[in-house]
Each structure stands twice: as C-alpha cells, then as structure tokens.
Amino acid sequence: MNILITGASSGIGKQLALDYQKLGHSVWGQGRNQQRLQELAEQGITPLQVELGELEQVRSSFADLPAMDLIVLCAGNCEYLDPQRFDAKLFERVWQSNVLTIANCLDALWGDLKPGSQLALVGSLAHLLPFSQAGAYGSSKAAVHYLTQALGTDLGDKQVSVHCIQPGFVKTPLTDKNNFAMPSIISPEQASQAIIKGLNKGKTVINFPSLFSGFLHILNCLPYRWQQNICRRLAHKEGA
C-alpha cells in the first residue's frame, strides 16, 4: 500500500509510520523538522517537509504524490486555556494545528482520493467531557469528530472509507508537558497497534485504550451539569 501520514516526525505519527514501513508498505511521512525527517528517511520512509498551515505549500508538495491507499492526518497540537482569562490567540493556534491543517490537506488530496482507499483523521477522547482548561483542544477535536462523520457521508459515493481515531493519553513529547495525572496512559507502540488493528477491521471510530474509552463514554451519557461538576472537581483535585 501507499500510505501518507502527517505529523510523522514524532509521537503517534512517527510510530505509525515506522510500523507500516516494517510491514512492507510504501510510507510518506510529513513533518516540519528536517533532522527528524532525516531520521525517518534512514528507516526507509519518504520524508515530506511541509508546513501544513500554508495551503499553497501543501498543494505544491502533495501534487506529485501517487494516489494513496491510506491517508492518516495525524498532525496536531495541544495548549490549555487559563481559566482566569480567555486567550483568543491560543485558541486560534490550537484550531489552526488541529482543524485547519486537516482542511488544507483535504483540499490538496481531494481529487486524488481513489475508490477503496481509507482516510483517517486523528481526534481525541477529550471531546467527550468538558474538561477544565481544554476549551480550545477539546472543541477542536470535537470538530474533527464531526468532520469525519460528514466526510463519510460525502465520500461514500466515491467508495472512500473515513475513520476517526480517538486516543486517550499516549506518552509523547506533547503529553510529557502535562503536569496532571493521565489515567491509562499507553505507549506510542500500543497506540500504533490499536490504530493499525482498527483500520484493518474497517472501524469507523477507533477508540483506545478500551477501558478508559468506555469509562468516558459512560460519563458522556450523564446530564451536562453532572459532567461539568465532575470535571470541576477533577480540576480542583489536581490543583490541590
């Protein structure tokens, strides 16, 4: 298979690119850091140094790619809002990284999506609950979840399957910055295997780890005020 993975220079994207390459697939890995991309190249992955926030650069860089059997849009970022003030610039950065870069990729790749191919967008289980300080991150991932569903409707006639990947906590350079407890945190290797297994089975939504996902989905069924009270208590506990 020909596989394109964005955000492949670190974290889940990097591990996924390495694992697919080891399985014998042709993998193109997008990133911004030249040194990290060189390390991928040494592992047999074709590097793509592209700034996904720049639409014309994305169009130009993706124009010569062959048609892909699998596209995983994994690039993203996380920043937390200060509950004492709303930072519009922070909010914009997070949405730019997590949503608008996906839009740029879709713009560049749309005409080359072929029947039988798979398109996967990486969201997060975080969108299930109104966590304190996560207004920017959680809302961006909720947008990814909805976008995946809508794309599945639009691309159904093209016979392109669309998947939403929703991890819990995964140990990456991004989560290494967190100063709070991260229940059921897993390794990038575990995350990659869960994604590969889910895509092989054709799952529309790929949630992991399963027990943590199940717990959050149960809480998501509670009335909104109950959810908010639970998240408020968790925030107070972490701040204690």
Side-chain angles (χ1 to χ4, degrees), residues 1-78 97-98 101-114 116-124 144 148 160-167 170-176 186-203 206 208:
M1 291 198 304
N2 289 336
I3 300 173
L4 171 64
I5 301 173
T6 67
S9 58
S10 67
I12 297 174
K14 178 180 180 180
Q15 189 61 50
L16 195 61
L18 293 172
D19 286 346
Y20 271 125
Q21 195 280 330
K22 289 176 183 177
L23 289 172
H25 302 295
S26 297
V27 181
W28 284 257
Q30 176 277 334
R32 293 181 296 178
N33 186 290
Q34 185 174 5
Q35 180 178 346
R36 292 178 182 174
L37 289 175
Q38 180 57 38
E39 293 172 0
L40 289 181
E42 293 170 358
Q43 298 293 321
I45 295 164
T46 303
L48 293 172
Q49 188 172 15
V50 186
E51 174 50 69
L52 296 182
E54 301 293 335
L55 177 57
E56 292 306 322
Q57 187 180 144
V58 176
R59 285 174 173 171
S60 175
S61 298
F62 288 0
D64 296 328
L65 293 176
M68 293 292 161
D69 300 289
L70 170 62
I71 298 167
V72 183
L73 302 181
C74 192
N77 197 12
C78 179
S97 295
N98 295 347
T101 58
I102 290 177
N104 288 347
C105 291
L106 292 173
D107 178 288
L109 297 166
W110 195 264
D112 295 320
L113 295 174
K114 65 178 185 178
S117 63
Q118 294 177 292
L119 171 65
L121 279 56
V122 176
S124 171
V144 171
T148 306
V160 176
S161 63
V162 186
H163 312 265
C164 190
I165 298 167
Q166 298 190 147
V170 180
K171 183 171 175 52
T172 67
L174 202 60
T175 57
D176 285 344
I186 62 175
S187 68
E189 291 82 3
Q190 291 172 301
S192 176
Q193 290 306 307
I195 293 169
I196 293 172
K197 182 178 179 180
L199 290 174
N200 285 343
K201 289 185 174 181
K203 288 187 175 181
I206 302 169
F208 58 89

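Just so you know, residue 1 is the first one in the sequence shown, and it goes up from there. In this text the structure is predicted, and so the values were computed from the model without any measurement.
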| With no hydrogens and no angle check, is any side-chain donor or acceptor of Thr6 less than 3.5 Å from a backbone partner on Ala75? | yes

| task | Applying side-chain contact (heavy atoms from CB on, under 4.5 Å), name anything that partners Gln118, two or more places apart in sequence or on another chain. | result | Leu70, Ser161, His163, Leu199

| query | Taking only residues two or more places apart in sequence, or in another chain, which ones meet Ala8 in a side-chain contact (heavy atoms from CB on, under 4.5 Å)? | reply | Ile5, Ala17, Leu40

| Closest heavy-atom pair and its distance - Val122, Cys74 | CG2-CA, 3.7 Å

| Does some side-chain heavy atom of Ile3 sit less than 4.5 Å from a side-chain heavy atom of Ser26? | no

| message | Looking at His25 and Met1, would you say the former's side chain and the latter's main chain have a donor-acceptor pair under 3.5 Å? | response | yes

| request: Quick one: list whatever passes side-chain contact (heavy atoms from CB on, under 4.5 Å) with Leu65, sequence neighbours left out. | output: Leu4, Trp28, Leu48, Phe62, Met68

| message | How close do Ile206 and Ala194 get, counting heavy atoms only, and between which atoms? | response | CG2-O, 3.8 Å

| task | Enter the distance from Gln193:CD to Ser187:OG here, rounded to the nearest 0.5 Å. | result | 9.5 Å

| task | For Gln57, check side-chain contact (heavy atoms from CB on, under 4.5 Å) against everything at least two apart and list the hits. | result | Val50, Glu51, Glu54, Ser61

| query | What distance separates Leu18 CG from Leu23 CG, expressed to the nearest 0.5 Å? | reply | 11.0 Å

| Short question: side chain of Ser192, backbone of Pro188 - any donor-acceptor pair under 3.5 Å? | no

| message | Please report the interatomic distance NZ(Lys197) to CZ(Phe208), rounded to the nearest 0.5 Å. | response | 12.5 Å

| Non-hydrogen atoms of Gly53 and Thr101 that approach each other most closely | N-CG2, 4.1 Å

| said: Could you walk me through whether Cys78 and Leu174 satisfy the side-chain contact (heavy atoms from CB on, under 4.5 Å) test, starting with their C-alpha distance in whole Å, then the side-chain angles of each, then the deciding distance to 0.1 Å, before giving a yes or no? | reply: CA-CA 7 Å; Cys78 179; Leu174 202 60; 4.0 Å; yes

| remark: Nearest heavy-atom contact between Asn98 and Gly76 is OD1-CA, 3.1 Å

| Pairs touching residues 3-13 that satisfy salt bridge (Lys or Arg N to Asp or Glu O under 4.0 Å), sequence neighbours left out | none

| said: Could you check whether any side-chain N or O of Gln30 sits under 3.5 Å from a backbone N or O of Gly7, counting only pairs where one atom can act as donor and the other as acceptor? | reply: yes

| Side-chain (Gln49) to main-chain (Arg32) donor-acceptor, under 3.5 angstrom | yes

| query | Among pairs that include at least one residue of residues 58-68, which meet salt bridge (Lys or Arg N to Asp or Glu O under 4.0 Å), considering only residues two or more places apart or in two chains? | reply | Glu56-Arg59, Arg59-Asp107

| query | Is there a side-chain contact between Thr46 and Val27 (heavy atoms, below 4.5 Å)? | reply | no

| Nearest heavy-atom pair of Asn2 and Ala67: which atoms, and what distance? | ND2-O, 3.4 Å

| message | Do Leu121 and Val72 have side chains that approach each other closer than 4.5 Å (heavy atoms only, starting at C-beta)? | response | no

| remark: Taking every heavy atom of Gly29 against every heavy atom of Leu37, the minimum-distance pair comes out as O-CD2, 3.7 Å

| query | When rounded to the nearest 0.5 angstrom, what is the spacing between CD1 in Ile102 and CG in Leu109? | reply | 12.0 Å

| Does a side chain donor of either Ser117 or Asp69 reach within less than 3.5 Å of an acceptor in the other side chain? | no

| request: Report yes if the side chains of Leu73 and Leu106 come closer than 4.5 Å at any heavy-atom pair, otherwise no. | output: yes

| said: So, taking the atom named CD1 in Ile195 and the one named CG in Asn200, what distance separates them when rounded to the nearest 0.5 Å? | reply: 11.5 Å

| note | To the nearest 0.5 Å, atom CD1 of Ile12 lies from atom CD of Gln190 at 11.5 Å

| task | Could you please spell out the steps behind the side chain to side chain donor-acceptor pair (under 3.5 Å) verdict for Ser9 and Asn33? | result | CA-CA 7 Å; Ser9 58; Asn33 186 290; over 6 Å; no

